[in-house]
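Below is one structure; the comments refer to it alone.
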Amino acid sequence: MIQYDKELNESQYEAVFFQDGPCLVIAGAGSGKTRALVYRVARMVEDGVPPNNILLLTFTRRSAQEMLNRAGQLIDHELSDVSGGTFHATANACLRRYSHAIGLPPNFVILDQADMESAISQFKPSMPKESKVRLPKTRTVVQIVSKCRNLSLNLHDVLKKEFPQFFPVLDQLETIYDQYARYKRDSGLLDYDDLLVMFKQMLEENEAVRSELSQRFRYIMVDEYQDTNLLQAAIVKQLSSVHNNVLVVGDDSQSIYSFRGATFKNIMNFPQEFPGAKVIKLEQNYRSSQPILNLTNQIISSAQTKYTKCLYTTRKTGARPALVECRTENDQSQFVVRRIQELKAQGLALSEMAVLFRAGFHSFDLEVTLDSQAIPFTKYGGFKFVESAHIKDIVSFLRILENSSDALSLNRVLLMLDKVGPKKSRDMINFASEEGRTWRQLKDFPAKGATREGLLKLVEALETAANPGQSLPDTLDSLMTFYGPVLEERYDDFPKRYREIEQLKTIMTRYRSLEHFLADITLDPPSSQADLMDRRQNRANLTLSTIHSAKGLEWGAVFIIWAQEGYFPPQKCLDNAESLEEERRLMYVAATRAKDFLFITYPDTSGHSFYGNFGSGPSRFVSRAPRDILDRQDSRGRHL
DNA sequence: TCGCGGTAACTTTTT
DNA sequence: GTTACCGCGA
């Protein structure tokens with residue numbers, strides 16, 4: 001039996017035993033919110049709630065899985081029936097299940113950001129060169145389109161709010177927007193935003209589906225509620241419409257995803273949206289020592305948040321956090337490595353240490369230094385394995401097999417052929433999408449010479465790969481008969497890429513259906529290189545992570561590097577009060593990951609960089625902290 | 001219409 | 001150090 005009263009504090013206990021109706025748990029950093037959720041799931045199952053009536057919405061699938069594992073251990077049996085995962089993954093599952101009810105092809109393909117970019121770039125007209133106005137970069141167009149969807153606004157309003165410089169090309173953007181929407185519809189494609197938009201629409205417009213799902217998910221819990229957007233809040237509302245049993249957990253001080261439409265207003269408005277909601281605050285911090293809390297309280301004190309929390313701890317003593325001035329970037333890397341070695345010598349495991357940074361590329365120099373000292377690390381965030389060209393190529397083949405109308409993937413594949421560019425590819429796709437045809441009929445496409453030869457080889461490889469009754473790795477092997485030569489011709493470093501494709505093959509062995517594999521690779525891609533290999537191996541590693549990917553985690557010792565004006569906060573956020581606030585919260589999230597040791601470092605390099613001038617000196621979020629809260633050192637350990 | 005070689009511009013963060 | 005875009009020759 002679980003001894004709830006001994007293992008939880010009073011507020012946690014209250015949340016765990018909250019029964020029916022809406023409830024908002026405001027949980028400060030390190031206050032054991034995960035613990036509360038885990039115990040609540042366990043408690044409900046013990047009380048006889050069928051596990052498949054529980055829905056646990058989290059930020060990553062990994063955190064859902066971890067929570068369910070822990071809950072399962074508490075009650076000593078597996079909780080595989082609890083539905084848990086991200087909003088996007090849940091939307092995906094439900095949309096496929098009810099696709100017939102809303103006229104959606106059941107084998108739709110999900111586009112990631114890069115796919116969205118290549119789709120949209122097809123519709124970007126080339127502007128006359130003497131034209132003064134220029135279209136935004138493809139990447140920016142994608143951002144704008146995505147903002148429209150996530151905020152439920154039209155182009156005009158989004159431009160007005162965030163991109164006024166592009167007003168002159170509003171008309172062109174409208175055209176791109178419409179063409180993109182039609183393209184997706186015709187090709188059976190859904191991007192990340194469509195998953196949420198269509199899920200919401202389905203719930204709002206289809207009474208039968210709504211009540212069926214709402215009855216199935218009788219108890220809904222949402223983690224990290226401060227990082228949900230309006231669509232997600234509407235989905236929660238619809239899903240709970242029958243029973244109103246919804247418990248959300250969040251911390252408005254840790255809201256760091258507004259760039260993708262998240263708003264802490266969701267957490268602020270929860271009591272209005274769900275009248276009668278109970279509000280519980282978790283304020284005791286179990287993670288950090290008092291000296292670290294002193295600094296984090298200082299960082300967040302000047303922020304404008306509404307749910308004031310007062311974090312306290314019983315761990316009164318500990319090392320004072322340090323702000324370390326380094327001469328150069330490499331000096332910074334050397335400092336971090338020295339300290340890591342010292343801490344390790346004192347008995348702190350590498351797995352209990354992390355280096356955090358604002359953007360993926362900030363750790364490049366450090367990675368080299370760590371390699372030279374043979375310190376094993378695992379990096380999270382930044383560039384992903386599945387974003388590399390050769391993996392995207394492979395995925396494109398597979399998507400065609402799954403959904404033959406996927407014009408985006410077909411295009412990518414056709415461009416591999418010799419003498420085939422955008423124009424010919426378009427002709428071929430048009431040919432193949434005529435009534436009664438698919439890519440199989442490309443055999444009859446009027447082409448000659450090398451083009452025809454290549455086309456035949458491609459169709460043949462696809463046909464072999466499409467043979468039913470093969471395992472997924474077999475399918476991949478068939479495709480490699482065509483793609484292998486392409487790879488070798490295109491890339492000098494093809495042996496390395498071959499090896500990565502082999503890794504992909506290993507991942508594929510875990511899947512029985514192509515549909516699941518494709519959904520997972522886009523909705524839950526491996527978050528680190530080491531994620532692909534043996535997980536036990538990197539359990540002992542040092543962690544390198546973007547702050548965004550470090551959400552919810554904790555370590556004994558934390559280093560925050562590049563805490564320099566211009567980098568953190570980044571130059572381009574400086575003129576916008578709202579995004580500056582978000583940067584501050586980001587620093588807060590980073591600093592509150594630390595249990596015992598916290599080092600904040602910055603190189604004292606000034607001004608010179610390829611792109612624009614930077615201010616220099618330490619980040620404004622920490623530079624004003626008094627010395628008794630934040631120690632000042634140089635990279636040699638001398639106090640300043 | 002494709003493919004090559006030059007040059008300009010550019011880098012948050014993630015589902 | 002890299003990628004995206006332009007103009008040219010084939």
Side-chain angles (χ1 to χ4, degrees), chain A residues 57-63 85-92 110-118 121 124 126-129 134-140 142-143 146 149-150 190-197 199 224 227-229 231-232 255-262 356-365 380-384 386-387 389 414-415 417-427 447 449-451 489-490 519-525 527 545-551 562 566-574 576 579 582-583 585-587 589-590 609-612:
Chain A
L57 290 166
T58 54
F59 210 68
T60 63
R61 193 174 64 171
R62 211 169 47 171
S63 70
T86 61
F87 276 88
H88 290 87
T90 306
N92 172 54
I110 304 167
L111 305 186
D112 65 17
Q113 164 118 8
D115 299 322
M116 224 176 141
E117 279 171 27
S118 57
S121 69
K124 256 180 84 175
S126 48
M127 301 294 273
K129 50 177 178 267
R134 292 220 349 235
L135 279 173
K137 284 182 39 183
T138 308
R139 210 202 175 102
T140 315
V142 167
Q143 271 175 27
S146 189
R149 313 296 310 287
N150 277 297
L190 264 65
D191 61 28
Y192 287 135
D193 307 325
D194 290 321
L195 288 174
L196 298 182
V197 170
F199 189 31
E224 310 280 10
D227 284 322
T228 54
N229 64 28
L231 286 175
Q232 291 165 322
S255 153
I256 54 175
Y257 276 89
S258 74
F259 66 90
R260 76 177 204 211
L356 307 181
F357 32 84
R358 177 70 184 82
F361 68 90
H362 289 168
S363 68
F364 288 166
D365 185 78
Y380 295 89
F383 189 77
K384 286 199 198 69
V386 288
E387 286 164 7
L414 289 172
L415 290 176
L417 299 172
D418 210 17
K419 310 276 183 216
V420 176
K423 175 72 172 76
K424 219 169 262 156
S425 162
R426 224 182 358 257
D427 291 344
T451 317
E489 212 212 284
R490 246 205 265 170
D520 271 14
I521 205 87
T522 353
L523 291 177
D524 187 36
S527 50
S545 177
T546 58
I547 299 168
H548 285 89
S549 300
K551 197 156 115 120
W562 276 115
Y567 279 87
F568 192 1
Q571 190 68 30
K572 47 178 359 180
C573 292
L574 296 186
N576 180 330
S579 53
E582 176 143 319
E583 294 298 318
R585 293 192 295 267
L586 199 54
M587 182 62 89
V589 168
S609 163
F610 301 104
Y611 37 101

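On a predicted model such as this, the values are computed, not experimentally measured, just so you know. Excluded from the calculations below are hydrogen atoms, water molecules and symmetry mates; all remaining heavy atoms, backbone and side chain alike, are included.
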Who pairs with A:F364 by ring pair (Phe, Tyr, Trp, His ring centres under 6.0 Å), at least two apart in sequence or on another chain?
none

Mind calculating the distance between CD (A:Q113) and C1' (B:dT14) to the nearest angstrom?
8 Å

In DNA chain B, consecutive runs of at least three Watson-Crick or G-U pairs below 3.5 Å, as range with range, amount to B:1-9 with C:2-10

I need the CD1-C1' distance between A:I110 and B:dT14, as an integer number of Å.
15 Å

Quick one: do A:F59 and A:Y257 satisfy ring pair (Phe, Tyr, Trp, His ring centres under 6.0 Å)? Show the steps, please.
CA-CA 11 Å; A:F59 210 68; A:Y257 276 89; 4.7 Å; yes

Can you name the residues that form a salt bridge (Lys or Arg N to Asp or Glu O under 4.0 Å) with A:D193, not counting sequence neighbours?
none

For atom CG of A:N229 and atom P of B:dT13, their distance in whole Å:
20 Å

Within the structure shown, what part of the strands sits under 4.0 Å from A:F87 by heavy-atom distance: base, sugar-phosphate, or nothing?
nothing

Rounded to the Å, how far apart are A:K424 NZ and B:dG3 P?
8 Å

With a 4.0 Å cutoff (strictly under), does any side-chain N or O of A:K137 reach OP1 or OP2 of B:dT11?
yes

Would A:F259 count as stacked on B:dT13 if the rule is ring centres under 5.5 Å and plane angle under 30°?
yes

Go nucleotide by nucleotide along DNA chain B from the 5' end; which of A:L415 and A:A89 gets its closest nucleotide reached first?
A:L415

Nucleotide nearest A:K423 (side chain, heavy atoms from C-beta), chosen from B:dT15, B:dT13, B:dT1:
B:dT1

Can you pull every protein N or O that's under 3.5 Å from an N or O on nucleotides 8-10 of chain C?
none

In whole angstrom, give the distance that lies between atom CG of A:L586 and atom C1' of B:dT13.
7 Å

Just to confirm, is there a sub-4.0 Å distance from OP1 or OP2 of C:dA4 to any side-chain nitrogen or oxygen of A:T138?
no

With a 3.5 Å distance limit and no angle check, can you tell me whether A:S425 reaches the backbone of A:G421 through a side-chain donor-acceptor pair?
no

Do A:R62 and A:D524 sit within salt-bridge range, that is, some charged N less than 4.0 Å from a carboxylate O?
no

Rounding to a whole Å, what distance do you find between A:M587:CE and B:dT13:C1'?
14 Å

Would you indicate what A:D418 reaches in the nucleic acid, counting non-hydrogen atoms under 4.0 angstrom: base, sugar-phosphate, or nothing?
sugar-phosphate

Looking only at atom types and distance, does a side-chain atom of A:W562 sit under 3.5 Å from a main-chain N or O of A:H362, one as donor and one as acceptor?
yes

Counting neighbours of CZ on A:R139 that are heavy atoms of other residues, nucleotides or ligands and sit closer than 6.0 Å, is the number greater than 12?
no

Could you check whether any side-chain heavy atom of A:Q232 comes within less than 4.5 Å of a side-chain heavy atom of A:L196, counting everything from C-beta outward?
yes

Using ring pair (Phe, Tyr, Trp, His ring centres under 6.0 Å) as the criterion, list what pairs up with A:Y192, not counting sequence neighbours.
A:H88

On a whole-Å scale, what distance lies between the P atoms belonging to C:dA4 and B:dT13?
15 Å

Counting only side-chain nitrogens and oxygens, does A:T60 get under 4.0 Å of the OP1 or OP2 atom of B:dT14?
no

A:D427 CG to B:dT1 P, straight-line distance once rounded to whole Å:
8 Å

Describe the nucleic acid contact of A:S549 in one word from base, sugar-phosphate, nothing, applying a heavy-atom distance below 4.0 Å.
sugar-phosphate

From the set B:dT15, B:dT13, B:dC2, return the single nucleotide nearest to any side-chain atom of A:P422.
B:dC2

To the nearest angstrom, the CZ-P distance between A:R61 and B:dT14 comes to 18 Å

What residues, two or more places apart in sequence or in another chain, satisfy salt bridge (Lys or Arg N to Asp or Glu O under 4.0 Å) together with A:K551?
A:E224, A:D227

